[in-house]
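All values derive from a computational prediction rather than experimental measurement. The figures that follow rest on heavy atoms only: side chains count, while hydrogens, waters and symmetry mates do not.
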Amino acid sequence: MATLSEIQALLGEPRFNWSDPVPWIEMEQEFGIDFPADFREIVNAYGSIQINGQLYLEHPASHLLHSLRETIREDLEFWREEDMAEFLPSPLGANPGELMPVASATTGEWVFLRVPDEPSSPWRVLVQELDSPAHILHEMTFNDWLLAYLRGEDVTVCSRNFAPDRPFWEFLP
């Protein structure tokens, strides 16, 4: 599994460095899911950011304008009420095999974490292209997926045209 230091080597030093578990605990209780440790580690390090002017990652702290908890609520409502779920290969939710929306891109992709079928199995990343019914399940953890994205590899959301020199990030306003 890719490490925070490997991601930092490409993305740069994080400046959020959150350590209070309360926002995660509250969010996990609300949605009935324990988010994977690698995802939490990245989000705690960087906070609510936009990577390469393209990929949005958010932290669940409620004082932030862009809160992951609020975004997940809105995304679940969107995918359920707009009959968009028919474009997904699995239902949304916290049960094994279900999907939880955790990120999006300015280029029209949504990033989901796929809940493992077994507690000992790894989480996977599914990317849904909003402008088509296409989706791809990436057989990798979130950190592995993010590292591949930062390297410019094709993980459905592709950074090559957005960061030709090197990856960059900025806090969300």
Trace of the side chain to side chain donor-acceptor pair (under 3.5 Å) decision for E13 with Q8: CA-CA 6 Å; E13 202 63 34; Q8 283 178 272; 3.1 Å; yes

Stepwise side-chain contact (heavy atoms from CB on, under 4.5 Å) check, R151 with L10: CA-CA 8 Å; R151 290 178 175 157; L10 289 173; 3.6 Å; yes

Stepwise side-chain contact (heavy atoms from CB on, under 4.5 Å) check, W145 with T141: CA-CA 6 Å; W145 180 86; T141 65; over 6 Å; no

Stepwise side-chain contact (heavy atoms from CB on, under 4.5 Å) test for R69 and E28: CA-CA 9 Å; R69 186 176 181 183; E28 290 173 345; over 6 Å; no

Side-chain touch I136/L126, heavy atoms, less than 4.5 angstrom: no

Minimum-distance pair of heavy atoms, taken over all atoms of V115 and G93: CG2-O, 3.8 Å

Plane angle bin for W24 and H59 - parallel if under 30°, tilted between 30 and 60°, otherwise perpendicular: perpendicular

Side-chain H-bond candidate by donor/acceptor type, Y46 with E58, under 3.5 Å: no

Non-hydrogen side-chain atoms of L113 and L99 separated by less than 4.5 Å: no

Near-ring test W123/H138, centroid separation under 6.0 angstrom: no

Heavy-atom closest pair, residues G32 and A94: O-CB, 3.1 Å

Whichever hydrophobic residues join Y56 through chains of side-chain contacts under 4.5 Å: L172

Between E98 and S90: side-chain donor-acceptor atoms closer than 3.5 Å: no

Pairwise side-chain contact, L55 with V111, heavy-atom cut-off 4.5 Å (strictly under): yes

Distance-only side-chain donor-acceptor flag, T107 / Q54, under 3.5 Å: yes

Aromatic plane relationship, F171 with W169 - under 30° parallel, 30 to 60° tilted, over 60° perpendicular: perpendicular

Close side-chain approach of I51 and L11, heavy atoms under 4.5 Å: yes

Check: N143 and E6 side chains under 4.5 Å, non-hydrogen atoms: no

Qualifying ring pair (Phe, Tyr, Trp, His ring centres under 6.0 Å) pairs, either residue in residues 91-117, two or more places apart: F78-W110, W79-W110, W79-F112

Partners meeting side-chain contact (heavy atoms from CB on, under 4.5 Å) with R166 (sequence neighbours left out): none

